[in-house]
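Values in this document were obtained by computation on a predicted structure and should not be read as measured data.
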Amino acid sequence: MAARAERLVTSGTFSLDGGTWDVDNNVWIVGDDHEVIVVDAAHDAEAIAQAVGGRRLTAIVSTHAHNDHIDAAPALAERTGAPVLLHPDDLPLWKQTHPDRAPDAELADGQILSVAGIELTVLHTPGHAPGAVCLYAPALGALFSGDTLFAGGPGATGRSYSHFPTIVESIRERLLTLPGETVVHTGHGDTTTVGAEAPHLQEWIDRGF
């Protein structure tokens, strides 16, 4: 089959600033029947490995380093041999969860990741976290937004390392400029489209979403 995006939902906890919350995360497996990348190895390395199956895992891409998006990354990397990729601006957050295991390689704005004959462009979209990134796959008409953009608004900015004006700028300049039909595959919850979210930007700003 052709390249596609598959969703696996895993459950665990998110912890930051002394609080802990139960969360369900979307793990995105992008590729074809032969090779894939994983976007955000959340909570359960065994479940992710089973979903990958016999396909070659070429990379484990972390959209940001909140613990619920990276907690299973080292175990999945050890099991599969795939490198863990993270934007360097999120290393302080990464070290809170994995102080003794660094990511294998850095993500950079504009970097191209290739899998199964398609390209994903790394878009640095700080705000929810300093090193937050999204992945844009034109061939799939898809954006993998991590916690930068959700159905209904931006990701949360009320905790350490986050900044509301910055996430608004990231969304305005990097995401809402994409084709309106682009499907937004989010880090939690339902998918949306760029066109569905774009008209609401000023509302988010007005209420300091």
Looking only at the side chains, is there a donor atom on one of D71 and H98 sitting less than 3.5 Å from an acceptor on the other?
no
May I have all residue pairs that pass ring pair (Phe, Tyr, Trp, His ring centres under 6.0 Å) and include part of residues 71-90, sequence neighbours excluded?
H87-H124
Applying ring-ring contact (aromatic ring centres under 6.0 Å, His included), name anything that partners Y136, two or more places apart in sequence or on another chain.
none
Just checking, any donor-acceptor pair under 3.5 angstrom between side chains of H128 and H163?
no
Should side-chain heavy atoms under 4.5 Å link Ile, Leu, Val, Met, Phe, Trp and Tyr, which residues sit in the same cluster as V38?
L8, V27, I29, V36, I48, V52, L57, I60, I70, L76, V84, L86, L91, W94
Return yes if a side-chain donor-acceptor contact under 3.5 Å exists between D17 and S160, otherwise no.
yes
Does the side chain of S170 pick up a donor-acceptor pair with the side chain of T125 at under 3.5 Å?
no
Pairs satisfying salt bridge (charged side-chain N to carboxylate O under 4.0 Å, His left out), at least one member in residues 73-100, at least two apart
E46-R79
Would you mind checking if R55 and D32 are paired as a salt bridge, meaning a charged N to carboxylate O distance below 4.0 Å?
no
For residues 121-141, pull every pair meeting salt bridge (charged side-chain N to carboxylate O under 4.0 Å, His left out), keeping only residues two or more places apart or in separate chains.
none
Side chains of D22 and T13 only: does a donor on one sit below 3.5 Å from an acceptor on the other?
no
Partners meeting ring-ring contact (aromatic ring centres under 6.0 Å, His included) with H43 (sequence neighbours left out)
none
Is there a donor-acceptor pair under 3.5 Å between the side chain of N26 and the backbone N or O of R7?
no
